[in-house]
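Small disclaimer: the values here were computed from a predicted structure and weren't measured. We use all heavy atoms of the structure for the numbers below, so side chains are in, but hydrogens, waters and symmetry mates are not. Indexing begins at 1, ligand by ligand and atom by atom, following the structure's order.
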Amino acid sequence: MTAEHVRQTNDKRKLVNQFSKKLVVAVLSCAAAVASVAAPSVADDAASTEPKDIADRTSPPDPVSELAKQQGYQFDGIRYRNKDGDPQYVVTKKYMVDWGTWQGFRRYHDACHVCHGPNALGSSFAPALKDSLKTMDYSTFIATVSGGKKENKGGTMFVMPSFGEDRNIMCYIDDIYTYIKARSTDAMPPGRPNGREDISDEARKANDDCTG
Ligand code: HEC
């Protein structure tokens with residue numbers, strides 16, 4: 001793990017922690033309302049735009065970790081990382097993907113698709129992230145999603161919301177990053193992956209801890 005990566009991870013944790021603290025206050029002051037709003041249904045509702053069966057799809061014997069090994073990616077217990085320590089997708093020739101990329105595919109289509117278009121191809125309103133990530137690095141991506149961005153183009157405001165306090169986004173942002181990154185290199189074609197690795201116990205725990 002590089003110092004830069006640790007810094008990035010810490011920054012992200014800080015954001016999530018800040019949010020957790022605020023949420024605790026919110027829960028205390030308004031338990032009933034928050035409970036109904038914050039009901040942790042997104043994980044499975046995220047599939048609502050997709051046929052129900054995808055979450056249950058199981059992979060044949062898993063070639064993903066094999067490929068990751070060949071490419072020299074490290075598995076940190078939750079996801080693969082490249083030599084810079086950044087989250088890394090693994091996509092096989094048959095479009096089997098690591099868990100993070102799979103999760104990112106689902107989350108992207110739940111949270112970003114509405115503006116950035118299906119398959120990260122962009123829309124009249126927001127840029128094609130498939131192209132943005134050809135050059136945008138990991139920390140800029142995280143900072144943009146967390147802090148938002150806006151631009152006035154010929155009198156029209158184009159607004160990227162800031163998601164820094166939205167746990168349904170920030171808890172999965174590395175997953176979303178790996179999915180879009182895989183789209184940006186064409187490792188991942190349009191559409192849904194053919195299969196996925198299973199989630200690791202550590203990843204499940206990290207998700208649960210983060211989303212509360
Ligand atoms: C409400 C619409 C909307 C949603 C939802 C949205 N975005 Fe955006 N996003 C935009 C707009 C508009 C821009 C361009 C802003 C600008 O030009 O300054 C943008 C810009 C970006 C950029 C910078 C792209 C570049 O080339 O500079 C990134 C990265 C990004 N969005 C990621 C995401 C991710 C990831 C999600 C889902 C978690 C998401 N956005 C959801 C509207 C949206």
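- A donor-acceptor pair under 3.5 Å links the side-chain atoms of Ser184 to the main chain of Lys181, judged by distance alone.
- The ligand atoms of ligand 1 that sit less than 4.0 angstrom from a heavy atom of Lys150 are 18 (O).
- Here is the list of ligand 1 atoms found below 4.0 Å of a heavy atom in Lys153: 17 (O).
- The residue from Ala128, Gly148, Ser132, Ala120 that puts a heavy atom closest to atom 24 (C) of ligand 1 is Ser132.
- For the pair Lys153 and Phe158, the cation sits on the ring face: its NZ or CZ lies under 6.0 Å from the ring centre, inside 45° of the axis.
- Around atom 8 (Fe) of ligand 1, protein atoms of type N, O or S found under 2.8 Å number 2.
- Counting protein heavy atoms only, atom 15 (C) of ligand 1 is closest to Phe158 O, 3.8 Å.
- Tyr138 pairs in a side chain to side chain donor-acceptor pair (under 3.5 Å) with only one of the listed residues (Asp174, Asp84, Asp86), which is Asp174.
- The number of heavy atoms from other shown groups lying within 6.0 Å of NZ (Lys94) does not exceed 12.
- Across Ser123, Ser162, Ala111, heavy-atom proximity to atom 5 (C) of ligand 1 is greatest for Ala111.
- Salt bridge present: Lys205 and Asp209 bring a charged side-chain N and a carboxylate O closer than 4.0 Å.
- In terms of protein heavy atoms, atom 17 (O) of ligand 1 is closest to Glu151 OE1, 3.1 Å.
- Heavy atoms of Met136 approach ligand 1 to within less than 4.0 angstrom.
- Taking a 4.0 Å cut-off on heavy atoms, Arg107 fails to register as neighbouring ligand 1.
- Here the protein heavy atom with the shortest distance to atom 42 (C) of ligand 1 is Val159 O, 3.4 Å.
- The environment of Asn152 atom CG is dense: over 12 non-hydrogen atoms of other residues, nucleotides or ligands sit within 6.0 angstrom.
- Listed for the Arg107 side chain is no donor-acceptor partner under 3.5 Å among the backbone atoms of Ile173.
- Ion pairing between a basic and an acidic side chain is recognised when a charged N comes within 4.0 Å of a carboxylate O; Asp175 and Arg79 show such pairing.
- A side chain to side chain contact (heavy atoms under 4.5 Å, CB included) with Thr92 is found for one member of Val64, Val97, Asn194, Asp98 and no other, namely Val64.
- Checked by atom type and distance alone, the side chain of His116 never pairs as donor or acceptor with a backbone atom of Ala111 at under 3.5 Å.
- For the residue pair Tyr89/Thr185, the side-chain donor-acceptor check at 3.5 Å is satisfied.
- Contacts with ligand 1 closer than 4.0 Å are made by no heavy atom of Tyr108, backbone or side chain.
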